[in-house]
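Have a look at the structure below before the remarks.
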Protein chains: 2
Amino acid sequence: MFSQAEENYIKTIWHLQQLQQKVSTNSLAERMQTKPASVTDMLKKLEAKKLLHYEKYYGCSLTTDGKKIALSIIRRHRLWEFFLSEKLGFAWDEVHAIAEQLEHIQSAELTVRLDAYLGHPRFDPHGDPIPDASGELQPREQFLLAEWPAGKPAIICAVQNHDASFLELLGQKSLDIDTHLIVQKRYAFDQSADLLLASGQVVQISAAISNNIYVKAD
Amino acid sequence: MFSQAEENYIKTIWHLQQLQQKVSTNSLAERMQTKPASVTDMLKKLEAKKLLHYEKYYGCSLTTDGKKIALSIIRRHRLWEFFLSEKLGFAWDEVHAIAEQLEHIQSAELTVRLDAYLGHPRFDPHGDPIPDASGELQPREQFLLAEWPAGKPAIICAVQNHDASFLELLGQKSLDIDTHLIVQKRYAFDQSADLLLASGQVVQISAAISNNIYVKAD
DNA sequence: TTATAATTTTAGTTTCGCCTAAAAATATGT
DNA sequence: ACATATTTTTAGGCGAAACTAAAATTATAA
Ligand SMILES: [Mn+2]
Ligand SMILES: [Mn+2]
Ligand SMILES: [Mn+2]
Ligand SMILES: [Mn+2]
């Protein structure tokens, strides 16, 4: 139905729209690792297909149809990530690149069966919710670690950033999905913090890290 | 490394070479559902990449490199077919079209882990052998049903043709992988035959069918 | 052998997704 | 308000992978 290039654009626009409802050509170009001129071309094409609204010089936003497509791609992406992690034992930071390809496999039946085989998982290995078959995304009851009060027990349930460099750093600091922790101390100067882990280990993290980790109450 | 189009050509050439060592432009075009002119273009490109030998007007044949690539694609194809059939419960005639897409996913690690997860299967759901990691294909100890002696118990272990129309017909006649049967009578006039199945059922099959089923001794 | 048929290649287009360079529009700062 | 900076679009082009129509080559059969 849609080419891989089109699907990648739709999905990226959806993600950017979570932050700002109008998506600019440049932000899209940066995220897609391409040039603004290429983005303009694609926006015209996707507008013609009624997947997004596009006003010259003022950015784009997905139509209802566009959002539905986006969520179906995200559903496939996250189901495959779950499969790669849960069934094949891939590490947290390895699944994204492969799911980026698998999400484009065209077969409605495949998605249905994969979902059932995996036991209808509700969250991917990064803690992100998996849209259900009708495109519903349950809101996450998760908070930024940066905003979590010191002393209150928490569990890591998601990360905002999926770059390999970030996930690698988390590994270094023994931080992972389901890690139990308490914010021991937060330093006003640079918003860095000391975390006490369930293991008894204490690790230091920068503000950049706490702004990319989601936690929930333990 | 190689585009999906290139991979599809390589794989198809490999299959055609099992029948005739020199592959003609027209036979390739027919198999690929494309035009001879398009094939000529691609043959030039693949020759430049040293994946095949190509002599104008006289067809092509894969180089050692080309064969290695072909077997790695076939390995992925058959591993995915096994996964779809064994783990997701897809029917015999549904797996091919999806594996046709999955075979192009680029990740050496994925193939390694999938193979291990599936328990290093040696045959796909159609009974075709899965090349091992080094590209070795074990020869099948299988015979065409058309050549199988009447009266001798046999088990269906593979099919030559994977078209949905063929597999559907097999379903109609209750013929499947692992079906036990005996050739009850063969008719000289059109080489059609009566099969006695383990169930006691007797089914009539045409020569076209017996030439596309492989059996082994029961 | 020679005419005809079949196969294959060449030449010229098309669509897609990308690019660079230049022009146009919008945003910003004094 | 106006000059400057930033963002975005336009124009023109390229490579991949397909196509059609015409030309070239090889195969076949009288
Ligand atoms: Mn993708
Ligand atoms: Mn994810
Ligand atoms: Mn394929
Ligand atoms: Mn098969």
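In what follows, every chain begins at residue 1, and chains take the letters A, B, ... in the order their sequences are listed.
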Suppose the criterion is ring pair (Phe, Tyr, Trp, His ring centres under 6.0 Å): which pairs have a residue in residues 49-83 of chain A, not counting sequence neighbours? A:H77-A:H96, A:W80-A:F83, A:F83-B:F83

Could you work out, with side chain to side chain donor-acceptor pair (under 3.5 Å) as the rule, every residue matching [X], not counting sequence neighbours?
{"X": "A:R78", "result": "none"}
{"X": "A:S24", "result": "A:S27"}
{"X": "B:S192", "result": "B:D190"}
{"X": "A:K49", "result": "A:E6"}

For A:K11, enumerate each residue passing the salt bridge (charged side-chain N to carboxylate O under 4.0 Å, His left out) test, keeping only those at least two apart in sequence or located in another chain. A:E100, A:E103

Round to a whole Å and report the spacing from CG of B:L46 to P of D:dA16. 12 Å

Just the rounded figure in Å: distance from P of D:dT9 to CG of A:L43. 7 Å

Looking at DNA chain D, which of residues 16-39 of chain B put a heavy atom within less than 4.0 Å of it? B:T34, B:K35, B:A37, B:S38

Can you sort out which residues in residues 53-60 of chain A have a heavy atom within less than 4.0 Å of DNA chain C? Ascending by number, please. A:Y57, A:Y58

Side chain to side chain donor-acceptor pair (under 3.5 Å): pairs with one or both residues in residues 111-132 of chain A, sequence neighbours excluded: A:R75-A:D115, A:E81-A:H126, A:E109-A:R113, A:D115-A:H120, A:Y117-B:Y117, A:D128-A:R140, A:D128-A:H162, A:D132-A:S134

Taking 4.0 Å as the cut-off, does a side-chain nitrogen or oxygen of A:K44 come that near to OP1 or OP2 on D:dT9? no

Please confirm whether the shortest side-chain N or O distance from A:Y9 to OP1 or OP2 of C:dC16 is below 4.0 Å. no

So does A:Q138 have more than 12 non-hydrogen atoms from other groups sitting under 6.0 Å from CD? yes

For C:dC16, does the base pair up with any side-chain atom of A:D41 as donor and acceptor (N or O, under 3.5 Å, distance only)? no

